[in-house]
Participant: 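My questions all concern the structure below.
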Amino acid sequence: MPAQKIETGHQDIVHDVAMDYYGKRLATASSDATIKIIGVGSGSQHLATLSAHRGPVWEVAWAHPKFGSLLASCSYDGQVIIWKEGNPNEWQQAHVFNDHKSSAGWWLGHH
């Protein structure tokens, strides 16, 4: 697959990028306190912006699709947020865990 430059639209540094199981979407985590969902394939397409964190977002991790369309994010604000996609590109907070010291990937792997 050839290299592809992706414009994330973030207003600050991007700390983490995670591709979904099918290689169709990227989730990006940024110091601008948002997560962007970007469709990749023929070009890149902004699909959604997830805003709930109160500080830089350090890490994002997708769940295996057998659990549905779920994404975990962790932030400097001490929260891990589990996001669930309902309708395509419509994301809601499914769970919020406060004062969590572990990574988003660790959480998805152990719950």
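All values below were derived from every heavy atom in this structure, side-chain atoms included, with hydrogens, water molecules and symmetry-related copies excluded.
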Participant: Using a 4.5 Å cut-off on heavy atoms from C-beta on, say whether the side chain of Trp91 contacts that of Leu71.
Facilitator: yes

Participant: Find out whether Val17 and Val60 are in side-chain contact, i.e. whether some heavy atom of one side chain is under 4.5 Å from a heavy atom of the other.
Facilitator: no

Participant: Measuring only between side-chain heavy atoms, which start at C-beta, is Thr34 closer than 4.5 Å to Leu50?
Facilitator: no

Participant: Could you pull out all residues at least two apart from Val96 that satisfy side-chain contact (heavy atoms from CB on, under 4.5 Å)?
Facilitator: Gln79, Ile81, Gln93, Asn98

Participant: Under a 4.5 Å cut-off applied to non-hydrogen side-chain atoms, are Gln45 and Val40 in contact?
Facilitator: no

Participant: Tell me yes or no: between the side chains of His15 and Ser30, is some donor less than 3.5 Å from an acceptor?
Facilitator: no

Participant: Looking at Asp32 and Gln11, would you say the former's side chain and the latter's main chain have a donor-acceptor pair under 3.5 Å?
Facilitator: yes

Participant: Show your reasoning for whether side-chain hydrogen bond (donor to acceptor under 3.5 Å, both in side chains) applies to Trp83 and Ser73.
Facilitator: CA-CA 8 Å; Trp83 304 85; Ser73 61; 2.9 Å; yes

Participant: Say you draw a straight line from CG of Asp16 to OG1 of Thr28; how long is it, rounded to the nearest 0.5 Å?
Facilitator: 9.0 Å

Participant: Check whether His95 reaches the backbone of Phe97 with its side chain - one donor and one acceptor, N or O, closer than 3.5 Å.
Facilitator: no

Participant: I need the Ser69 OG to Asn87 CG distance, nearest 0.5 Å.
Facilitator: 11.5 Å

Participant: Do Lys36 and Thr49 meet the criterion of a side-chain donor-acceptor pair at a distance under 3.5 Å?
Facilitator: yes

Participant: Using side-chain heavy atoms (C-beta onward) and a distance below 4.5 Å, is Leu26 in contact with Ile37?
Facilitator: no

Participant: Using modelled atom types and a 3.5 Å cut-off, is there a donor and acceptor pairing between side-chain atoms of Asp77 and backbone atoms of Arg54?
Facilitator: yes

Participant: Pairs in or reaching into residues 81-98: which pass salt bridge (charged side-chain N to carboxylate O under 4.0 Å, His left out), with residues at least two apart or in two chains?
Facilitator: Arg25-Glu85

Participant: Parallel under 30°, tilted from 30 to 60°, perpendicular over 60°: which one fits the rings of Phe67 and His64?
Facilitator: perpendicular

Participant: Do you know which two heavy atoms are closest between Ser75 and Gly55, and how far apart they sit?
Facilitator: OG-O, 3.2 Å

Participant: When clusters are formed from ILVMFWY side-chain contacts under 4.5 Å, directly or step by step, what else is grouped with Tyr21?
Facilitator: Tyr22

Participant: What's the shortest heavy-atom distance between Ala27 and Ile35, and which atoms?
Facilitator: CB-CG2, 4.4 Å

